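Notes follow the structure.
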2 protein chains.
Amino acid sequence: MKEFLRTKGFKMTPQRELIFRSFFELGRHVSVDELYDKVRLQDNTVGYSTVWRNLKLICRVGLAEVVNIGDGITRYDRVTNIPHGHLYCLKCKELIEFNVEQIVGMLAHKTSDYNFTPENFKIEIQGYCENCRESEVEVVEETKSDA
Amino acid sequence: MKEFLRTKGFKMTPQRELIFRSFFELGRHVSVDELYDKVRLQDNTVGYSTVWRNLKLICRVGLAEVVNIGDGITRYDRVTNIPHGHLYCLKCKELIEFNVEQIVGMLAHKTSDYNFTPENFKIEIQGYCENCRESEVEVVEETKSDA
DNA sequence: TTGAAAATGATAATCGTTTTCATTTAGCGT
DNA sequence: ACGCTAAATGAAAACGATTATCATTTTCAA
């Protein structure tokens with residue numbers, strides 16, 4: 001991991017190591033607060049902004065992505081390469097994971113073990129529309145120049 | 001509409017009528033600010049909180065639902081009964097609508113006119129998980145007692 | 001018409017996110 | 001090993017969207 005980060009122009013620090021490790025231990029649907037709490041159990045000197053920044057960093061290097069269920073709290077989810085979605089239970093507030101095949105099935109057959117109506121779907125796809133697909137380059141926020 | 005609201009225990013006011021009408025004229029992916037701006041063009045005495053409250057009300061009575069694309073701004077979307085999702089263009093920031101058949105096709109074939117990889121999918125489904133599906137009643141925030 | 005409940009509008013509080021900045025630290029070149 | 005420079009840290013403040021408060025006004029049923 002240290003090498004991985006170095007090739008992208010980032011340093012390794014004790015805090016960073018702890019934060020990264022804690023994030024991957026938590027694994028899924030991690031909010032800044034959750035991660036902060038976990039990190040503080042091991043080192044109660046780590047600042048909130050450090051946790052927040054490193055969570056963003058984890059995303060920036062492609063190891064996690066944002067999950068937004070619409071409750072105002074940004075969560076971060078390990079990237080698995082297996083496309084998946086979430087069922088957000090309106091009662092127990094759990095996030096349940098589905099892989100893409102399950103989702104296709106549910107969408108196609110409009111039925112599943114879970115209780116939702118078609119109106120409950122919130123599907124957000126990020127990418128490039130037909131007009132923009134040729135010129136993706138402009139979106140890059142920060143360019144880390146390396147080989 | 002006035003009757004519709006009355007049966008649910010809400011009154012009709014000039015502001016409310018203007019706000020509702022403006023929302024449905026805007027139609028899709030409406031933020032509070034956008035609606036506020038449109039409303040103020042016709043009546044510059046309407047307060048921001050009134051617009052906000054009425055937008056929530058539109059949701060509460062089931063005429064709209066929240067759309068969250070993760071940019072920190074809550075948008076509201078007319079309920080159409082036709083389940084749909086959105087492609088959020090990372091470049092031009094447009095929200096493009098898809099119906100469920102299109103989504104199924106895209107998910108199943110992992111290809112479309114739009115440029116995204118499977119990792120770009122953010123699918124959020126709200127409903128009830130297996131444990132909670134029997135007892136949906138508890139979720140209701142406000143109960144308007146009517147026939 | 002009138003009284004009770006609801007709605008309004010201005011403002012302030014809240015809360016999650018992001019920035020700032022002075023200080024510390026990592027790690028490359030020597 | 002040492003010093004230097006860029007990066008990282010932590011505390012605190014700034015920010016921005018959302019939500020609550022409250023005195024006043026308005027709706028509408030009796």
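Every chain is numbered from 1 and lettered A, B, ... according to where its sequence line falls, protein lines coming before strand lines. This is a predicted model, so every value here is computed, not measured.
- One interatomic measurement links the two molecules: CZ of A:Phe10 to P of D:dT5, which rounds to 22 Å at whole-angstrom precision.
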When you compare the protein's N or O atoms with those of nucleotides 14-18 of chain D, which come within less than 3.5 Å of each other, and at what distance?
{"from": "D:dT18", "atom 1": "OP1", "to": "B:Thr74", "atom 2": "N", "distance (Å)": "3.0"}
{"from": "D:dT18", "atom 1": "OP1", "to": "B:Thr74", "atom 2": "OG1", "distance (Å)": "2.9"}

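- Residue B:Arg16 places at least one side-chain N or O closer than 4.0 Å to OP1 or OP2 of C:dA7.
- In this structure, B:Arg6 contributes its side chain and B:Lys11 its backbone to no donor-acceptor pair below 3.5 Å.
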Output side-chain donor-acceptor pairs under 3.5 Å for residues 19-27 of chain A, partner residues at least two apart or in another chain, one line each.
{"from": "A:Ser22", "atom 1": "OG", "to": "A:Leu18", "atom 2": "O", "distance (Å)": "2.8"}
{"from": "A:Glu25", "atom 1": "OE1", "to": "A:Lys38", "atom 2": "NZ", "distance (Å)": "3.3"}

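- In this structure, CG of A:Leu55 is placed 16 Å from C1' of D:dT9, rounded to the nearest angstrom.
- For the pair A:Leu18 CG and D:dG10 C1', the interatomic distance rounds to 15 Å; values are reported in whole Å.
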Pairs under 3.5 Å (N/O, protein and nucleotides 21-26 of chain D):
{"from": "D:dT21", "atom 1": "O4", "to": "B:Arg53", "atom 2": "NH1", "distance (Å)": "3.4"}

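- When hydrophobic clusters are built by joining Ile, Leu, Val, Met, Phe, Trp and Tyr residues whose side-chain heavy atoms come closer than 4.5 Å, directly or via intermediates, A:Val66 is grouped together with A:Leu57.
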Checklist entry - A:Asp43 and A:Thr45: side chain to side chain donor-acceptor pair (under 3.5 Å), yes or no, with the steps? => result CA-CA 5 Å; A:Asp43 179 350; A:Thr45 69; 2.6 Å; yes
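- A:Asn44 places no side-chain N or O within donor-acceptor distance of the main-chain N or O of A:Arg40, the cut-off being under 3.5 Å.
- Scanning for salt bridge (Lys or Arg N to Asp or Glu O under 4.0 Å) contacts around A:Arg78 gives an empty result, with sequence neighbours left out.
- Rounded to an integer number of Å, the gap from A:Leu35 CG to C:dT17 P is 12 Å.
- Atom CD of A:Glu3 and atom C1' of C:dG27 are 12 Å apart (whole Å).
- Straight-line distance from the OH atom of A:Tyr36 to the P atom of D:dT9: 14 Å, rounded to whole Å.
- Where the helix from C:dT1-D:dA30 to C:dT30-D:dA1 starts and where it ends, the local axes point in directions that differ by 30°; five pairs per end, rounded to 10°.
- Look at CZ on A:Arg6: it is 10 Å from P on C:dG29, rounded to the nearest Å.
- A:Arg16 is listed as a side-chain neighbour of A:Phe10, based on a closest heavy-atom distance under 4.5 Å.
- Of the possible polar contacts, one joining the A:Glu34 side chain to the A:Ser31 backbone as a donor-acceptor pair under 3.5 Å is found.
- Side-chain atoms of A:Val46 and A:Tyr36, non-hydrogen and from C-beta on, never get closer than 4.5 Å to each other.
- Residues passing the side chain to side chain donor-acceptor pair (under 3.5 Å) test with B:Asp37: none are found, sequence neighbours excluded.
- Side-chain contact between B:Val79 and B:Leu63 is absent, with no heavy atoms from C-beta onward closer than 4.5 Å.
- Per the geometry, CD belonging to B:Glu17 stands 12 Å off P belonging to C:dT8, to the nearest Å.
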